Amino acid sequence: MARRKKYPVLPNGYGTIRYLGQNRSRPYAVHPPATECDELGHYIRPKALCYVDDWYVGFAVLSAYHAGTYHPGDEIAFRQYREASDTDLDAFCLRLLRDHSRMKNTAVSSGPLFSDVYEQFFEWKFGESAAKKLSASSRKSIEFGYKKCSDLHNKYFKDITLEELQVVLNRCTLKEASLEMIVNFLKQIYNFAEPRDLCKKNYACYLVMPKAESDEHGVPFSEDELRILWNNKDNEDAALILIMCYTGFRASAYAKMEVHLSDGYLKGGIKTKSSIGRIVPIHHAILPLISNRCKNDIYFFPPYRIIRSSMIETLARLHINHHTPHDCRHTFSALCERYGVNEADRKRLLGHSFGSDITNGIYGHRTVEELRTEVEKIRLPNGI
């Protein structure tokens with residue numbers, strides 16, 4: 001059985017010439033480039049432009065289609081030319097393919113804008129025909145990323161360079177988490193665009209995270225400010241600020257915090273290996289504040305965005321200087337230092353790495369009660 005001849009490989013976005021099998025008078029189906037996807041993101045093969053009996057005739061059809069000169073029935077004329085031609089058609093096709101690549105590289109900007117691709121991507125990801133229903137927070141994260149890329153909205157998607165993407169990212173003076181949302185958005189939209197031939201290359205893979213605006217250099221609450229908070233501990237938002245000031249977890253860790261009230265400790269943490277899953281004993285003064293957050297044996301701590309907004313309102317109402325949620329972590333560290341908490345235990349409580357200190361990092365072991373002894377060294381402001 002004779003092998004079927006191999007033909008030149010067509011470039012992405014050129015279309016397909018599909019062999020349908022033997023015993024057909026016109027065994028090649030000529031399809032234009034696919035532009036639509038099903039709900040799973042797989043390409044939907046478009047209807048054939050025509051059916052021909054020779055691969056080269058099909059190639060001529062696609063070449064005319066890309067030139068904008070193809071009309072149904074032109075394949076008959078192409079077939080006649082094919083029969084009459086003595087040209088080396090393999091070399092001719094390869095030359096046309098090279099010309100097509102050059103035309104793509106030097107063509108005048110065209111195609112969908114960044115905003116157009118975003119609309120397609122957003123509908124594919126969150127529309128009624130999306131593969132799965134995603135959370136509202138996922139939707140807001142994508143919308144945030146798109147908003148921060150406003151410099152790209154009116155650019156042709158295919159013409160956007162890696163340098164332009166990096167400039168957009170570098171100009172954002174945001175916290176690390178916000179920068180990560182922008183990068184994640186760009187990676188998602190380029191992952192959507194690449195298989196649909198909407199971009200030249202997935203440049204999002206090569207983005208470099210700029211140095212984020214630091215949220216680690218905060219200002220601890222003063223003793224007078226802590227006194228005001230303690231005098232308003234019956235207020236739920238003020239109580240939450242006190243809980244954060246006397247436990248030292250990052251604000252975003254509280255939403256998934258394990259509360260072991262009977263054993264008197266919290267377990268949680270995010271971000272680093274040293275921080276995740278660490279145990280912090282509950283200072284006796286905040287024990288009732290945590291207990292008050294119990295509803296049906298579930299301890300409720302709000303997500304970061306609610307903590308931040310309620311904190312701004314509460315501090316303004318109590319006439320306390322502006323502080324960020326991360327300042328509560330700095331406050332706990334400052335209290336530990338002020339009241340003589342063992343330095344190694346202070347690192348354990350804050351979830352800091354011991355670095356090259358192998359003795360404490362690997363061989364240092366402390367029980368909950370030993371840590372509790374250190375935490376209870378912290379005293380409340382005078383008059384409380």
Side-chain angles (χ1 to χ4, degrees), residues 41 112-127 130-155 157 160-196 198-199 201-218 244 249-257 268-273 275-276 301-312 322-329 351:
L113 301 175
F114 186 92
S115 57
D116 297 327
V117 175
Y118 171 74
E119 289 180 5
Q120 295 178 39
F121 163 70
F122 195 86
E123 178 61 26
W124 171 78
K125 192 172 182 68
F126 299 105
K132 61 179 181 179
K133 186 174 179 61
L134 298 173
S135 66
S137 61
S138 177
R139 184 183 183 119
K140 288 181 179 178
S141 176
I142 293 298
E143 290 173 336
F144 172 82
Y146 175 68
K147 181 180 179 181
K148 294 301 179 181
C149 295
S150 58
D151 288 349
L152 304 174
H153 290 183
N154 294 320
K155 292 180 180 290
F157 200 94
I160 295 172
T161 65
L162 172 61
E163 289 71 22
E164 287 176 309
L165 292 179
Q166 191 66 56
V167 166
V168 167
L169 200 58
N170 292 346
R171 286 178 177 172
C172 294
T173 54
L174 299 168
K175 300 288 192 286
E176 183 178 350
S178 298
L179 288 172
E180 287 177 350
M181 276 198 286
I182 299 172
V183 172
N184 181 56
F185 159 70
L186 288 171
K187 286 182 176 179
Q188 288 193 52
I189 196 170
Y190 269 86
N191 287 341
F192 169 83
E194 185 178 31
R196 293 165 176 79
L198 298 173
C199 61
K201 192 173 184 178
N202 192 340
Y203 291 124
C205 295
Y206 305 98
L207 288 171
V208 177
M209 276 284 289
K211 185 177 180 180
E213 180 183 322
S214 176
D215 62 354
E216 296 294 316
H217 303 290
M244 293 193 294
F249 288 96
R250 291 180 173 86
S252 51
Y254 288 93
K256 295 184 179 180
M257 187 68 63
I270 58 169
K271 196 172 182 180
T272 67
K273 182 179 179 181
S275 182
I276 294 172
F301 289 102
Y304 176 82
R305 66 181 184 277
I306 300 215
I307 290 177
R308 186 177 182 87
S309 60
S310 64
M311 184 172 179
I312 291 172
H322 173 74
H323 285 281
T324 68
H326 200 74
D327 288 352
C328 298
R329 181 168 163 82

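Hydrogens, waters and symmetry mates play no part in the numbers below; they use all other heavy atoms, side chains included. Everything quoted here is computed from the prediction, not taken from an experiment.
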Can you tell me how far [atom2] of [Y] sits from [atom1] of [X], rounded to the nearest 0.5 angstrom?
X      : Y      : atom1 : atom2 : answer
Met244 : His323 : CE    : NE2   : 11.5 Å
His326 : Arg308 : NE2   : CZ    : 11.5 Å
Ser141 : Leu134 : OG    : CG    : 11.0 Å
Ile189 : Asn202 : CD1   : CG    : 11.0 Å
Phe144 : Met181 : CZ    : CE    : 4.5 Å
Phe249 : Ser275 : CZ    : OG    : 7.5 Å

Could you tell me which residues satisfy salt bridge (Lys or Arg N to Asp or Glu O under 4.0 Å) with Glu180, sequence neighbours excluded, listed by chain and number?
none
Which heavy-atom pair separates [X] from [Y] by the least distance, and what is that distance?
X      : Y      : value
Pro112 : Gln120 : CB-NE2, 4.5 Å
Cys328 : Met311 : SG-CE, 3.8 Å
Ala193 : Val117 : CB-CG1, 4.3 Å
Ile312 : His322 : CG1-CE1, 4.4 Å
Leu169 : Val208 : CD2-O, 3.7 Å

Side-chain heavy atoms of [X] within contact of [Y], under 4.5 Å:
X      : Y      : value
Tyr304 : Pro325 : yes
Trp124 : Arg196 : yes
Gln166 : Tyr206 : no
Tyr118 : Ile142 : yes
Leu113 : Leu152 : no
Phe192 : Leu198 : yes

Test side chain to side chain contact (heavy atoms under 4.5 Å, CB included) on Cys199 and Tyr190; report intermediate values, then the result.
CA-CA 8 Å; Cys199 61; Tyr190 269 86; 4.0 Å; yes
Only counting residues at least two apart or in another chain, list the ones meeting side-chain contact (heavy atoms from CB on, under 4.5 Å) with [X].
X      : value
Ser310 : Asp237
Asn184 : Gln188
Ile270 : Arg250, Ser252, Ala253
Thr161 : Glu163, Glu164

Does Phe301 have any ring pair (Phe, Tyr, Trp, His ring centres under 6.0 Å) partners at least two apart in sequence or in another chain, and if so, which?
Tyr254
Please indicate whether Lys155 has more than 12 foreign heavy atoms, meaning atoms of other residues, nucleotides or ligands, lying under 6.0 Å from its NZ.
no
